[in-house]
Participant: 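Provided herewith is a single structure, encoded as structure tokens, for subsequent inquiry.
Position 1 is the first residue of the sequence; numbering continues from there.
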Amino acid sequence: MSSLKDDRLVKGSARVHKCISFLFPDGCEPPSCSKSSNLVVPLHCSLNMLEGDTGCSVWPSSLYLSEFVLSFPDIFSNKSCFEVGSGVGLVGICLSHVKASQVILSDGDLSTLSNMKLNLKLNQLSAETDVLERFGEDPNTVQAELYNKSKVKCFHLPWESATESELEDYLPDIILGADVIYDPSCLPHLLRVLVILLKQKKAYTQTWEESCEGRLQDAEHIDVNGASEGKSLFAHDIHCVTIQNGNRTDPCHVEELHGGSSVARLMKCPVAYIASVIRNIDTFNCFLKLAEEANLVIADITEALVPLNLLPYMQSYNRSSIRLFTVKCK
């Protein structure tokens with residue numbers, strides 16, 4: 001980590017250049033075209049943890065969510081992913097590495113958004129990539145590079161003023177958020193944004209075998225008091241239909257037979273992955289209560305889907321303090 005002074009920034013605002021190195025175990029290829037066993041992500045960050053409404057610093061939950069994305073690339077590959085409160089952009093950069101079909105990053109603070117775009121450029125990603133802008137290069141080479149990268153879009157999204165018409169153009173398969181459950185006054189606005197994004201569905205067709213490549217795992221469903229309702233089957237990939245007593249129980253699933261092959265007519269049901277440190281149990285219970293009122297189902301999958309420890313050198317990074325939740329519409 002090297003210090004970086006930027007005279008263009010507000011006086012007294014200290015910035016640093018960090019390189020986050022994700023170290024993959026032997027025999028585990030990183031989800032990128034590089035043959036290196038490491039994935040290095042350079043980031044422009046602030047030493048002031050409150051700068052950019054906390055969005056210009058690297059927080060533990062964003063590290064954990066990034067590890068989760070890199071550990072389970074099949075969940076996010078070829079999916080449209082939308083992150084609320086994207087901060088420095090670390091999760092979005094990891095989504096691009098696992099080849100999400102589209103990466104949509106949002107934040108309510110303009111200084112955070114500006115810093116995020118800088119970090120995308122540091123990682124050879126651009127929110128406004130255009131082949132014609134890259135003069136002096138072989139157009140075929142440039143086009144091939146762009147084809148292999150995720151499409152990345154950044155935009156300003158204050159939760160309190162977000163409207164349904166503003167978000168209806170996005171039909172994400174997956175919504176992500178790191179440490180977004182922190183301020184009780186913001187929670188109603190956050191839940192409203194999640195409801196808008198989660199209730200949108202897209203029809204598509206695929207074979208039953210293709211739709212159930214993921215593993216089924218245990219997850220705990222949470223009630224408004226924070227207690228678990230016991231274990232239930234949860235799909236490793238949200239499009240994989242839950243099986244109970246030999247019967248497929250996904251309410252979005254309609255099966256047809258074509259030439260002996262089982263074809264699933266599915267409505268894509270979006271899912272949100274939220275990583276959070278529960279610093280205040282009252283705030284978390286408020287989130288659960290508001291989620292229940294909004295007809296959202298929350299499941300704790302922390303023990304069901306454990307990411308690889310890709311940051312073993314970070315002594316101050318306490319993975320055990322972070323919980324991972326899924327949020328879906330009922």
Side-chain angles (χ1 to χ4, degrees), residues 1-10 13-23 30-34 36 38-70 73 76 81-100 102-130 133-134 145-146 148-158 174-180 273 275 310-311 313-314 317:
M1 183 176 71
S2 59
S3 296
L4 173 68
K5 181 180 179 181
D6 193 337
D7 294 331
R8 295 172 300 173
L9 299 175
V10 179
S13 177
R15 295 291 178 106
V16 294
H17 222 101
K18 287 185 178 181
C19 285
I20 308 295
S21 298
F22 294 95
L23 309 180
S32 69
C33 56
S34 171
S36 170
N38 300 340
L39 172 61
V40 180
V41 180
L43 292 173
H44 196 229
C45 311
S46 176
L47 290 176
N48 178 5
M49 298 180 73
L50 299 180
E51 186 178 344
D53 196 21
T54 74
C56 291
S57 294
V58 180
W59 292 84
S61 291
S62 65
L63 293 173
Y64 188 90
L65 195 56
S66 298
E67 284 185 307
F68 180 72
V69 168
L70 295 172
F76 305 95
C81 299
F82 187 114
E83 186 182 10
V84 291
S86 302
V88 295
L90 178 60
V91 174
I93 292 166
C94 292
L95 286 168
S96 178
H97 274 279
V98 300
K99 294 179 171 49
Q102 185 177 40
V103 179
I104 306 160
L105 306 180
S106 67
D107 205 278
D109 183 85
L110 288 173
S111 62
T112 296
L113 200 66
S114 176
N115 187 64
M116 184 199 311
K117 290 181 178 180
L118 174 59
N119 286 331
L120 291 175
K121 290 182 180 179
L122 285 175
N123 288 272
Q124 290 77 53
L125 296 169
S126 174
E128 299 174 353
T129 303
D130 192 326
E133 292 178 359
R134 293 174 55 170
E145 289 179 9
L146 295 179
N148 289 323
K149 287 184 180 293
S150 303
K151 297 178 181 178
V152 181
K153 177 179 177 60
C154 299
F155 74 105
H156 186 226
L157 182 69
I174 298 173
I175 299 98
L176 302 99
D179 257 337
V180 291
Y273 292 95
L310 303 179
L311 303 167
Y313 59 90
M314 284 193 179
Y317 169 40

Participant: How many angstroms lie between atom NE2 of His97 and atom CZ of Phe76, to the nearest 0.5 angstrom?
Facilitator: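 Separation between the atoms: 15.0 Å.
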Participant: Can you tell me how far the CG atom of Leu70 sits from the CG atom of Leu95, to the nearest 0.5 Å?
Facilitator: 8.5 Å
Participant: Checking Ser86 side chain against Ser106 main chain: does a donor-acceptor pair fall under 3.5 Å?
Facilitator: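 Yes, the answer is positive, given that a donor and an acceptor are paired below the 3.5 Å cut-off.
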Participant: Taking all non-hydrogen atoms of both residues into account, name the closest pair between Thr112 and Asp109 and its distance.
Facilitator: N-OD2, 2.9 Å
Participant: Only one of Leu65, Val103, Val69, Asn123 clears side-chain contact (heavy atoms from CB on, under 4.5 Å) with Cys94; which?
Facilitator: Val69
Participant: Please give me the minimum heavy-atom distance between Leu23 and Tyr313, naming the atom from each residue.
Facilitator: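 Closest approach of Leu23 to Tyr313: CD1-CD2, 3.8 Å.
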Participant: Can you tell me how far the CG atom of Leu157 sits from the CG atom of Leu105, to the nearest 0.5 Å?
Facilitator: 11.5 Å
Participant: For residues Tyr64 and Ala275, report the shortest heavy-atom separation together with the two atoms involved.
Facilitator: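 Reported closest heavy-atom pair: CD2-CB, 4.4 Å.
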Participant: Describe, in one word, how the ring planes of Phe68 and Tyr273 are oriented to each other, choosing from parallel (under 30°), tilted (30 to 60°) and perpendicular (over 60°).
Facilitator: tilted
Participant: Show the nearest heavy-atom pair for residues Cys81 and Leu176, with the distance to one decimal.
Facilitator: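 Looking at all heavy atoms of both residues, the shortest contact is CB-CD1, 3.9 Å.
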Participant: How long is the straight-line distance from CG of Asp107 back to NE2 of His156, given to the nearest 0.5 Å?
Facilitator: 7.5 Å
Participant: If I compare all heavy atoms of Met116 with all of Cys154, which pair ends up nearest, and what's the gap?
Facilitator: SD-SG, 3.8 Å
Participant: Can you name the nearest heavy-atom pair linking Lys18 to Cys45, along with the distance?
Facilitator: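 So the two residues come closest at CD-SG, 4.2 Å.
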Participant: Going from CD on Glu67 to OG on Ser62, what distance comes out if it is rounded to the nearest 0.5 angstrom?
Facilitator: 10.5 Å
Participant: What is the distance from atom CG of Leu310 to atom CG of Asn38, rounded to the nearest 0.5 Å?
Facilitator: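 Reported value, rounded in 0.5 Å steps: 10.0 Å.
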